[in-house]
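One structure is given below, encoded as structure tokens.
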Amino acid sequence: RVLAMNHGSRVLLESLHAWPERSADIRNIHVSQRGRLGRTLIQNTDFGVPQLGSVVAYSGLHARLDECVAACGVTVLQGPPARIGRQDADGVRVEQGDATLRCQVAVQSDGAGGTDVRRDYDQHAVLTTAHATLPRRGWAWERFTAEGPLALLPHPQTPDAYSVVWCSAPERAAELAALDNAAFSRALSLAFGDRLGRLSSQAPRHVFPLALSARRAQVQGRVAVIGNAAQTLHPVAGQGLNLGLRDAARLAQSLGGWLAQPNATPAPALHDFARARQVDRVITAGVTDLMPRIFATGLAPVEHACGLALLGLDLAAPLRAPLARHLLQGFRA
């Protein structure tokens with residue numbers, strides 16, 4: 001499993017000495033639509049940054065974060081899942097098995113994104129790894145097909161390897177997962193095209209259902225929700241983890257003053273956090289919700305309009321800059 005990290009997330013993690021040793025840089029992002037005209041190319045030189053993003057192994061990032069947590073002296077409790085219980089004016093009750101903890105602020109970062117906002121995309125994602133006969137270092141590809149978006153990201157292990165995220169209808173995803181390696185490789189090459197030569201996949205395939213789920217409020221009393229506990233997004237453009245990291249960074253920033261005076265109420269700090277994160281969450285969820293739906297309507301006029309939009313973004317840098325900058329670092333408040 002690999003993770004797509006945008007430039008803003010890399011800067012954040014490097015500042016915390018939490019960036020893993022191995023990564024694959026993304027300096028060019030090619031966005032196209034299968035069977036229609038129009039494409040957009042986003043490059044790191046447009047923004048004067050070393051890379052637009054990077055791809056890291058989940059295990060490598062997790063291990064590095066574990067090391068940083070241990071170095072900070074944070075106590076990690078192992079055991080059954082914890083549950084946030086009652087809260088009152090003085091704190092929050094957290095239950096873990098037979099143990100009970102009291103804290104002044106609780107943060108939930110794992111779990112489903114809630115049910116306030118919910119959309120089932122009727123799509124499943126097939127995740128695997130493929131090798132290309134004509135690899136292009138530093139390039140990532142987002143190709144919209146009638147079935148759903150197909151993304152190929154440079155893999156941190158070898159230069160000719162790509163992480164594949166192929167979104168399609170559940171029945172089609174099940175068919176793809178059941179194919180033998182040769183048949184799947186042919187189907188992948190047909191869907192993606194010949195920009196990377198011939199694609200060959202010998203790796204296991206994993207299938208996940210896709211849905212949008214989000215909470216409208218990130219703060220309830222003394223409890224804050226961030227990351228997947230606050231929102232679960234469609235994987236198009238790889239924004240889920242990046243949005244969660246921005247949640248965490250802003251929460252730490254908002255709580256800084258209160259931590260210096262923990263006898264005061266944390267309510268103003270938590271309110272500041274929720275207010276500051278609202279716009280970024282709405283924009284990111286909106287963009288990742290709209291793109292996979294509008295490109296997969298199956299209606300020729302809409303698909304042609306999408307192609308013209310891609311062409312317009314490619315020809316006019318001022319038009320594509322706001323979207324590209326948001327994907328690069330998110331909205332900061």
Side-chain angles (χ1 to χ4, degrees), residues 1-27 49-84 92 94 96-97 99 101 103-111 113 127 129 138 140 153-159 161 163 165 203-204 206 218 223-233 235 238-260 262 269 273 277 328-330 332:
R1 182 182 176 185
V2 298
L3 301 167
M5 316 294 291
N6 65 20
H7 176 70
S9 294
R10 177 163 184 165
V11 170
L12 170 65
L13 292 174
E14 286 182 336
S15 72
L16 301 172
H17 307 290
W19 188 251
E21 181 178 350
R22 177 177 292 183
S23 62
D25 289 344
I26 298 174
R27 293 184 292 275
V49 294
Q51 64 283 123
L52 297 170
S54 305
V55 182
V56 301
Y58 174 90
S59 57
L61 178 59
H62 194 282
R64 192 72 192 96
L65 289 170
D66 277 346
E67 293 172 2
C68 291
V69 168
C72 290
V74 175
T75 300
V76 179
L77 301 179
Q78 306 291 343
R83 186 180 70 87
I84 296 176
V92 184
V94 178
Q96 186 185 31
L101 305 172
C103 58
Q104 295 194 56
V105 172
V107 181
Q108 183 180 354
S109 60
D110 194 17
L127 308 183
T129 302
L153 308 174
H155 202 284
Q157 289 184 345
T158 58
S163 175
V165 183
H206 306 278
Q218 281 190 277
V223 177
V225 291
I226 64 175
N228 276 354
Q231 63 269 319
T232 304
L233 308 181
Q239 290 301 299
L241 177 59
N242 296 291
L243 183 62
L245 285 173
R246 297 199 294 275
D247 284 344
R250 181 65 211 203
L251 180 60
Q253 184 179 7
S254 295
L255 290 176
W258 171 75
L259 288 170
F273 158 72
R277 294 299 303 137
L328 186 73
Q329 63 181 26
R332 309 300 177 93

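- The side chain to side chain contact (heavy atoms under 4.5 Å, CB included) test applied to Val69 returns Val74, Val76, not counting sequence neighbours.
- Residues Cys103 and Val94 form a side-chain contact, since some pair of their non-hydrogen atoms from C-beta on lies under 4.5 Å apart.
- Listed here is the closest heavy atom pair of His17 and Cys68: O-SG, 3.4 Å.
- With sequence neighbours excluded, the residues forming a salt bridge (charged side-chain N to carboxylate O under 4.0 Å, His left out) with Arg64 are Glu67, listed by chain and number.
- Considering all non-hydrogen atoms of both residues, Leu101 and Leu77 come closest at CD1-CD1, 3.6 Å.
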Would you list the atom pairs, donor with acceptor, under 3.5 Å between side chains in residues 18-25 and any protein atom, with sequence neighbours excluded?
{"residue": "Asp25", "atom": "OD1", "partner": "Arg10", "partner atom": "NH1", "Å": "2.8"}
{"residue": "Asp25", "atom": "OD1", "partner": "Ser54", "partner atom": "OG", "Å": "3.2"}

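- With sequence neighbours excluded, the residues forming a side chain to side chain contact (heavy atoms under 4.5 Å, CB included) with Ser59 are Ala57, listed by chain and number.
- Residues that satisfy the side chain to side chain donor-acceptor pair (under 3.5 Å) test with Ser254, not counting sequence neighbours, are Arg250, Asp272.
- Annotation: side chain to side chain contact (heavy atoms under 4.5 Å, CB included) contacts of Ala4 (sequence neighbours excluded): Leu153.
- For the side chain to side chain donor-acceptor pair (under 3.5 Å) test, no residue two or more places apart in sequence or in another chain qualifies with Asp110.
- In this structure the side chain of Asn6 reaches within 4.5 angstrom of the side chain of Arg246, judged on heavy atoms.
- Considering only heavy atoms from C-beta on, Arg277 comes within 4.5 Å of Leu243 through its side chain.
- Here the NE2-CD1 distance, from His7 to Ile26, works out to 13.0 Å after rounding to the nearest 0.5 Å.
- Between Val105 and Val92, the closest side-chain pair of non-hydrogen atoms is not below 4.5 Å.
- Residues satisfying the side chain to side chain contact (heavy atoms under 4.5 Å, CB included) criterion with Ala161, sequence neighbours excluded, are Thr129, His131, His155, Thr158.
- Here Leu233 contributes atom CG and Leu241 contributes atom CG; the two are 10.5 Å apart, rounded to the nearest 0.5 Å.
- When the side chain to side chain donor-acceptor pair (under 3.5 Å) test is applied to Gln231, the partners found at least two apart in sequence or on another chain are Asp247, Arg281.
- The side chain to side chain donor-acceptor pair (under 3.5 Å) check on His206 picks up nothing, with sequence neighbours excluded.
- A donor-acceptor contact shorter than 3.5 Å links the side chain of Gln218 to the backbone of Val225.
- Atom CD of Gln96 is surrounded by more than 12 heavy atoms from other residues, nucleotides or ligands within 6.0 Å.
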